[in-house]
Colleague: 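Dropping the structure in here first, questions after.
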Amino acid sequence: MKVLITGIDGYTGWPLALHLLGRGHEVVGIDNFVTRRRVKEVGSWSATPIGTFPRRQSAVEELLGKSIAFHRGDVTNYAFVHRVLELERPDAVVHLGEQRSAPYSMIDVHHAVRTQTENISGTINLLYAMRDLVPESHLVKMGTMGEYGTPNIDIAEGFFDVEWRGRTDAHLPFPRQAGSWYHWSKVHDSGNVLFATRVWGLRATDVMQGVVYGIRTPEMVDDRLLTRFDFDEVWGTALNRFVVEALLGLPITPYGKGGQTRGYIALEDSMQSLRLSVENPVGRGEYRVVNQFDAAYSVNQLAEITRDVAREFSIEARIEHVPNPRVESEDHYYHPLHEKLPAMGYRRTRELTEVVRELFRDLRKYRRRLEQKRSVVLPATDWRKGTSRPAELAPTPMPALSTAPPTPTALPEGSLAHGP
Ligand code: USQ
């Protein structure tokens with residue numbers, strides 16, 4: 001299959017490209033490198049020193065004997081999206097090219113608006129271009145388990161049957177109650193993708209993915225093939241950050257009581273899941289929702305596992321509950337269903353503790369890079385305090401819109417643009 005990955009330069013986009021190539025698929029990528037710039041904006045960098053995109057492409061050619069076609073550009077630019085789809089005509093589009101950080105979206109009004117306008121408009125652009133150019137193609141859209149929030153009932157896979165005031169309806173969307181502007185952008189996306197499948201008969205899978213952890217996949221046979229690894233308070237996620245905190249001698253930081261429970265999945269198994277969704281497309285007009293995670297853990301459990309594994313590396317880590325910068329339930333019921341992926345053949349391959357060991361082993365190599373950025377690891381973004389001041393009055397002025405799209409003519413027909 002020919003698969004277009006938007007956000008191919010990212011934490012999951014890059015390993016997905018390697019994984020699909022290894023399974024004999026043809027891969028085309030889009031990226032505007034905005035994550036690289038935004039991680040810099042918060043004073044951080046990837047723990048793994050990732051090369052420029054042309055270097056990544058060369059490493060793939062040299063080490064795997066395969067090639068990745070690439071178009072630099074922004075999915076919020078409709079002319080760009082239209083042009084790439086017209087040129088490439090993919091069988092499937094995996095849409096990962098969105099702003100993916102909840103804390104980033106909570107910094108202030110500008111980051112909130114940016115997150116929602118970019119995420120929602122990028123998805124609508126893809127939907128229109130797919131309708132007009134590749135209506136048979138299958139959209140695999142990255143959503144998030146965080147769309148559902150933490151209701152006091154089991155969480156369905158997208159839809160459930162409801163009985164209310166004596167009447168029933170089958171297959172109603174499960175309620176969404178997200179916990180950040182970012183997570184709400186995914187809720188709005190889900191509604192838009194569902195709508196497009198109904199009115200235009202498109203095919204779509206909406207992936208409700210849990211928190212991803214880990215640093216490598218089997219295809220990363222050389223350091224030049226590693227993916228990025230974020231650990232700062234804005235771009236890093238819970239378990240990955242806990243390992244870095246332990247390595248740097250910082251406290252491991254469950255927020256508040258630490259009973260916040262989420263679904264988690266290892267990077268490698270996330271790749272398996274995305275591939276299965278691509279290889280098992282739905283029919284025309286069908287909108288499938290899959291809950292993509294392996295097991296649920298509270299942040300307290302993750303903190304304890306990290307502390308225990310740290311001991312195996314002679315590191316005495318301490319757990320320190322810090323005031324919760326977020327507004328979220330810290331003690332709640334959590335039981336989401338996840339049956340559709342196993343029905344497609346999914347099998348968990350990585351145990352969490354084993355991946356935590358791998359993280360300690362791998363990250364020790366990049367300790368100096370972690371040390372240099374230790375000041376951005378501990379939590380700072382507060383859900384209640386994001387400023388609403390106009391950009392020019394904000395304490396740290398917003399950099400010029402880093403997603404400024406290239407003009408349509410910046411992509412010569414048939415050419416492969418290159419990253420920085
Ligand atoms: N948390 C801590 N201590 C920390 C960091 C996080 O207790 O040092 C807690 C948070 O308060 C939250 C939980 O850990 O309750 C997860 O937070 P996170 O930062 O790991 O993940 P989150 O902000 O939810 O977002 C991440 C990805 C996002 C993806 C989402 C899946 O950044 O792209 O959509 O995980 S999910 O969480 O299922 O919505």
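Numbers here are sequence positions counted from 1. Remember, it's 1-based here, ligands and their atoms both numbered in the order they're listed. Please read these numbers as outputs of a predicted model, since none were measured by experiment. When reading the values below, keep in mind they use all heavy atoms of this one structure, side chains included, and skip hydrogens, waters and symmetry mates.
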Colleague: Are any of the side-chain nitrogens in Glu354 or Arg350 under 4.0 Å away from the carboxylate oxygens of its partner?
Modeller: yes
Colleague: Hey, would you say the Phe53 and Trp14 ring centroids sit under 6.0 Å apart?
Modeller: yes
Colleague: Measuring from each atom of ligand 1, which residues have a heavy atom under 4.0 Å away?
Modeller: Arg100, Ala102, Thr144, Met145, Gly146, Tyr182, His183, Gln209, Gly210, Val211, Thr237, Ala238, Arg241, Phe242, Thr253, Pro254, Tyr255, Gln260, Arg262, Val299, Arg326, Glu328
Colleague: Let me confirm one number: the CG-CG distance from Asp223 to Asp362, rounded to the nearest 0.5 Å.
Modeller: 8.0 Å
Colleague: Got a list of side-chain donor-acceptor pairs under 3.5 Å for residues 23-30, not counting sequence neighbours?
Modeller:
residue: His25; atom: ND1; partner: Met1; partner atom: N; Å: 3.3
residue: His25; atom: NE2; partner: Glu279; partner atom: OE2; Å: 2.8

Colleague: What pairs with His338 under ring-ring contact (aromatic ring centres under 6.0 Å, His included), at least two apart in sequence or on another chain?
Modeller: Phe293
Colleague: What pairs of residues pass the ring pair (Phe, Tyr, Trp, His ring centres under 6.0 Å) test when at least one of them lies in residues 194-243, not counting sequence neighbours?
Modeller: Tyr104-Trp235, Tyr128-Trp200
